[in-house]
Amino acid sequence: MSEMKDIVNAVVTGDEDKVKLLVLEAINKKETASDIMNNGLIAGMNIVGERMEAEDMFIPEVLLAARTMTAGVEILKPHLTDTDSGGLGTAILGTVQGDLHDIGKNLVKMLIQGAGFNVIDLGTDAKPEDFLEAAKANNATLIGMSALLTTTMPMMKKVIEAFESAGLRDQVKFIIGGAPVTQEYADEIGADGYGHDAGSAVRIAKSLVG
Amino acid sequence: MAKIHSNQPTLQSPFAGKITEAQCQKLYWACLEILERTGVCLYEQEAVDLFKKAGVPVDGNRVRIPAGLVEKAFSTVPKNISMYNRKGEKVMNAGGNESYFGTGSDCLHIVDHKTGKRRKAVLQDIEEGMRVCDALENIDFVMCMFLPSDVPQATLDRYEMEAMLNNTIKPIIYVTTEFEGCAKAVEMAEIVAGGQEQLRRNPFAACYVNVTTGLRHNEEALQKLLYLSGKGLPFTYIPSAQGGVTAPMTIAGTMAVNYAGALTGLVLSQLKREGAPIIMPGWGGNMLDMKTTVQPYADPEKRGQAIDFVNYLNLPTFSLAGCSESKCVDQQAAAEAALTLFTDSIFGGNIIHDVGYLESGLSGSLSQLVICNEIISWLEAFMKGIEITDETLSLDLIDEVGPDGQYLDHPHTIKHFRERWYPSIFERSNYDGWMKKGGKDLGQRATERVNKILEEHEPEPLPKDVADAVHKVVVGK
């Protein structure tokens, strides 16, 4: 559908007004909300995620695209059923206890929301029990943890241990990231995935729960 | 004949500037406006209370500082701080345009000179790094270089301090994760100096303090500032807003935000104790690389203008150079190290750190450090003034030797040939000569020097009872 292609382009170029218009037009033309969501808006954000990972797109442009996509989703909301959005399940994101850095986590949140995850954001300084409770309450399948400091990184291990103690380790997948975090550390603590930048988060998250 | 000359201005060094005094003034007034109009948030009650006591309007933890208070602070803050080595000898001036070079701290990884591979850093890397710094002629002070992954992580900064104290006599700039570590570092330095008063009079150690942003001052940064100011011990106070993220994208905007914060630190230090020695940041216009989210150390646009600015303010400066985004000791590493060292030297950087940094501060390398040592040597020769005098023009000599004569074995040449710069590890042989020596590249020759230093150089150790007392502090008595 050429309308879908236009929606995709409008998301990628961050043209909020155009997206809103095109989404409305598509609704009026009786396109399904699910189609607009998956082949228009989410498809656009997937391209954004790929180009960001390839260092082909600047962060402010990525954020603009994400804002544009959110604007499109707002228009679509009254027409969406429960199965249309959050199709990839619920993810709990947080910056671990003792750490206040959140820019990377916020980028990941926007990108995986764009990809179709329903995201609960615990914010910064999130304790292991916060992750556990949010996962239980929301039937989450993905837990994403971020840390910028070498001194707070060890909390990631504590969160995974909390899930093990509660007998919930097998019900979720853990992805971790942040400047001092490495694949080596992810392997050491038994995390399921590690991304070296926000752009790779979408690809990795989808591969874990898809 | 009386040798009388008039109106003979000469330069004793190259002269460079990136912004004018008028531009500096505009930036300074912008900082003052931010402080009065927007104010800063201070996440430590004692700091807020000191401002309250000084009659400054306070809104919760948000403080709006009047320009007059900043001007007053300038009248008591030292414009020059004498820094000493571990033996109590004066070796540096924090203040003015003399350039001193040192390493950076806390790199997570090391590009191992023995294997060329990147690995997690350990305590032994710090010990070896300090021995290399102790030996290198053009390294004047040290920071710990590496983050030791093989010690208790909650107290790693004590181990860093101990390794520096034991393996070099050069002045130390230490970094700690929390306030407690800073107090312990001071305790260790006082033991080595022989007492509180001795350390205060002849400081051989200064604390490097980072602040979240110019307008947002975190608790542990303020705690360290207040503690060190109270004790009259020197420290750097470095707000770290990044353009496009926590400050405006434009260079001037980022500088205004960060320097408003540096001036806040200045005022607070003088409110705590008049005459407290504080060192200002000398780089400005930090940005986040918007493609890779890395903070680039060798970004060309953050060089020069901050040094002009701090010279305008006439305060001791802490700047950075000899650093690279490269992940290995390659051509980019050498180019970025040389470019950044060059700009800091020519603009008058004062206490210059991060020499030898790779991977934007996440990896260190002893070979890269040796390469930087050579670059600094080159720069020392470059920065010397040229004498154009009767003596150096040697016109009588030129006439004596005549058009067809030669100078190679002339006494004048014998007398002067050692005045010119010669490289230690930069290669100048002709091709065959180079091949005969093994045809090695710069990285290999630098590594050879690292190995030689580690084999041969023994830094002066601490007396055993002092080393033991220091160790007791590290392990918590």
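When reading the values below, keep in mind they use all heavy atoms of this one structure, side chains included, and skip hydrogens, waters and symmetry mates. Protein chains get the first letters and strands the later ones, always in sequence-line order, with residue 1 at the start of each.
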Between chain A and chain B, which N/O donor-acceptor pairs sit under 3.5 Å?
| unit_1 | atom_1 | unit_2 | atom_2 | d |
| --- | --- | --- | --- | --- |
| A:Ile59 | N | B:Met290 | O | 2.7 |

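Only the side chain of B:Leu147 comes within less than 4.5 Å of a heavy atom in chain A; its backbone stays farther off. Heavy atoms closer than 4.5 Å to chain A are found nowhere in B:Val294, neither backbone nor side chain.
Each side chain to side chain donor-acceptor pair (under 3.5 Å) pair with one or both residues in residues 162-179 of chain A, not counting sequence neighbours, appears once here: A:Arg169-A:Asp192.
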